[in-house]
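Ligands are counted one by one from 1 in listed order, and the atoms in each one are counted from 1 as well.
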Amino acid sequence: MPANRHECPESRQLFQRSQRFIPGGVNSPVRAFKGVGGTPRFIRSAQGAFLEDEDGHRYIDYVGSWGPMLLGHADPDVIAAIQNAAISSSSFGAPTRIEMQVAELLCELVPSLEKVRMVNSGTEATMSAVRLARGYTGRDKIIKFAGNYHGHADFFLIAAGSGAMTLGKPNSPGVTIGTAGDTLVARYNDLAQVKEIIEAHPDSVACVIVEPVAGNMGCIPPAPGFLEGLRQLCDQHGSVLIFDEVMTGFRVARGGAQERYGVMPDLTTLGKIIGGGLPVGAYGGREAIMDFVSPVGPVYQAGTLSGNPLAMHAGYATLRKIADSPVLYEDLEETGQALEEGTQRNLDALGLPYVHTRVGSMGCLFFSEDPVLNYEAARRCDTDRFRRYFHGMLEQGVYLAPSQFEAFFFSTQHGPAEVEHTLKAQRVALERAHQS
Ligand SMILES: *Cc1c(COP(=O)(O)O)cnc(C)c1O
C-alpha cells in the first residue's frame, strides 16, 4: 500500500475523466469535496469498517455510504442474500413474499407503523408522505425546519426568509415561487416559532415534517420537549406529524428516534439502513392515513422498481440481523461512548472548547465554541479549521464526511482498535488544524 495518502494519482485521473461526462464528476454533490477542497477519493471496495480507494489506500470509514451501512461493508449475510436473490431474476413488477416480509418486520420494529409502502429512495419516501398528508387533510401548506434535509423534491428546497415568519424562498433555480409559497420554514428546536406559524395559518397546515434527530446540519439532537411539543401542536391543529427517519431509523435505536424519545408520529419515512446498501425508501404510519394511498385510496403513488427483490432481500437480511441481536445497540452505544470520551479528552488536552454531539451511532464534532441547537448556530462554525482537520484525518487513514454540516456514522464493525486509531489521528489532526 502506498504510504502517503496525500497522493492519489489514480483518483485524481478518474476525477478528471469523470468531470468530462458527469456534472462535477459526481452523482451527488457533496461527494465532490467542495466543502473541503482537494481530490475526492474514488473507492473501489470496502470491507467491515474499512474503505479502499483506487490508489490502494485504506481508511476507517465514518461515512457508511451516508448512513446505510450499520452492519459495516459487505456483511456476509447481506451479500449472500443479494447473490441468492439475483439468481432468480432482479425484478418482476409483481407482488413478492419478500416485500411482504420486509413490511411485516418494519411494522413490528418501528412503533408507530401499521402499514408501509416501499419506494426507491428517501427522496421518494418524503415526497410521497407529504403528498399523502396533503391528500388526507385537504390542506396545502407544510412546515419544515431550516437545516433539515428531506431529499430533493421541489417543495423541500426552500430557505427560510430573513424574518422567521416570511414565506420561504426557493434555494435552487427550478423551484417555482408558487411551490415555495406552500412551504413554511421554522427554526429547529424552536417550538414557540412553530406555534406562531401554525396559528398564523389556521386550518391550512397539512403537515409538520422533521428530522427527529437532525443529521444534515451536522448532528443536532432534539431539545427536551421539542418533539413532544410538535406532537401536541399537530394534534391541536389537525396537522399530520411526519418524522423523517430516513437517517435515524435503525440508527439511533432499533425503533428509530420515535422509540428513543417516546414520541409517535402519524407518518414515518425510512430509507438508508432498511435497504442494506441498495436503493430503497419507505413511508408508513397509521392505517387510516396509509389507506388513502392508491389503489385503496385516492392519493396516487407508484414505482416500476418499488419493492425490488434484490433490495428487499438485502433489506430483510439487514433488518433480520438487527431484530435478532439483543446486544447490537448496546455495542454501538459502547463504541460511541469510547469515541465521545476520547474526543473530549483530545479537546481538553488541547484546550479547545468545541462541541461534540452524539446520538447512538451518529454524531458530529462542531468547530464551534457555542452550543449548536439549530442551523444558524451550525453555520457559525469555523469551516476553515474543519477543512484542515478533515484533511489531517484523511491523511492518517480516517475517512470523514467532507463537510462540517454532515454527521459521522459508525457501524457494528468499528471495534476498539478502530476507535483507538481514530482518536490518535484526531489528536494530531486537531493540533495541526490549529497551527497557524
Ligand atoms: C438521506 C436523507 C433523505 C434522502 O434520501 P435519498 O435516499 O438520498 O433520496 C431524506 N431525509 C433524510 C433525513 C436523509 O438523511
Side-chain angles (χ1 to χ4, degrees), residues 26-32 62-70 110 116-133 142-158 172 183 185 188 207-222 227 230 241-253 256-258 260-261 265 267-285 301 303 305-308 311-312 314-315 318 357 359-364 375 378 401-403 405-409:
V26 293
N27 281 315
S28 198
V30 72
R31 297 178 196 169
Y62 285 94
V63 176
S65 186
W66 301 92
M69 312 314 287
L70 184 77
V110 182
V116 63
R117 170 64 66 81
M118 304 306 304
V119 292
N120 301 293
S121 68
T123 294
E124 255 188 85
T126 54
M127 195 179 81
S128 309
V130 168
R131 182 184 307 130
L132 176 57
I142 70 169
I143 295 179
K144 79 172 285 282
F145 294 92
N148 277 17
Y149 178 70
H150 305 293
H152 62 88
D154 284 359
F155 49 83
F156 291 129
L157 299 181
I158 312 294
S172 166
T183 300
V185 185
Y188 196 70
C207 65
V208 175
I209 183 166
V210 65
E211 284 184 67
V213 176
N216 288 285
M217 46 176 167
C219 173
I220 303 182
L227 299 175
L230 293 180
L241 179 60
I242 306 176
F243 277 7
D244 181 356
E245 298 229 41
V246 170
M247 185 183 281
T248 54
F250 302 97
R251 171 62 65 186
V252 300
Q258 55 195 266
R260 191 169 181 121
Y261 295 98
L267 292 177
T268 301
T269 55
L270 295 164
K272 299 197 168 121
I273 291 172
I274 68 163
L278 271 73
V280 174
Y283 65 104
Q301 185 271 309
L305 292 172
S306 293
N308 172 265
M312 291 300 97
T318 303
T357 60
V359 181
S361 52
M362 63 188 275
C364 184
Y375 188 54
S403 163
F405 308 110
E406 301 291 348
F408 66 75
F409 304 101

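- Between the Glu124 side chain and the Gly281 main chain, no donor and acceptor come within less than 3.5 Å of each other.
- At a cut-off of 3.5 Å, with distance as the only test, no side-chain donor of Arg131 or Gln301 sits close to an acceptor on the other residue.
- Listed as neighbours of ligand 1 are Ser121, Gly122, Thr123, Tyr149, His150, Gly151, Glu211, Asn216, Asp244, Val246, Met247, Lys272, each bearing a heavy atom under 4.0 Å from the ligand.
- Qualifying ring pair (Phe, Tyr, Trp, His ring centres under 6.0 Å) partners for Phe408, counting only residues two or more places apart in sequence or in other chains: His356.
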Please tabulate, for side-chain N and O atoms in residues 149-157, each donor-acceptor pair with protein atoms closer than 3.5 Å (sequence neighbours left out).
{"residue": "His150", "atom": "ND1", "partner": "Asp244", "partner atom": "OD2", "Å": "2.7"}

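- With Thr318 contributing its side chain and Ile274 its backbone, the two residues share no donor-acceptor pair below 3.5 Å.
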List, one per line, each side-chain donor-acceptor pair under 3.5 Å for residues 213-222, sequence neighbours excluded.
{"residue": "Asn216", "atom": "ND2", "partner": "Glu211", "partner atom": "OE1", "Å": "3.1"}
{"residue": "Asn216", "atom": "ND2", "partner": "Glu211", "partner atom": "OE2", "Å": "3.3"}

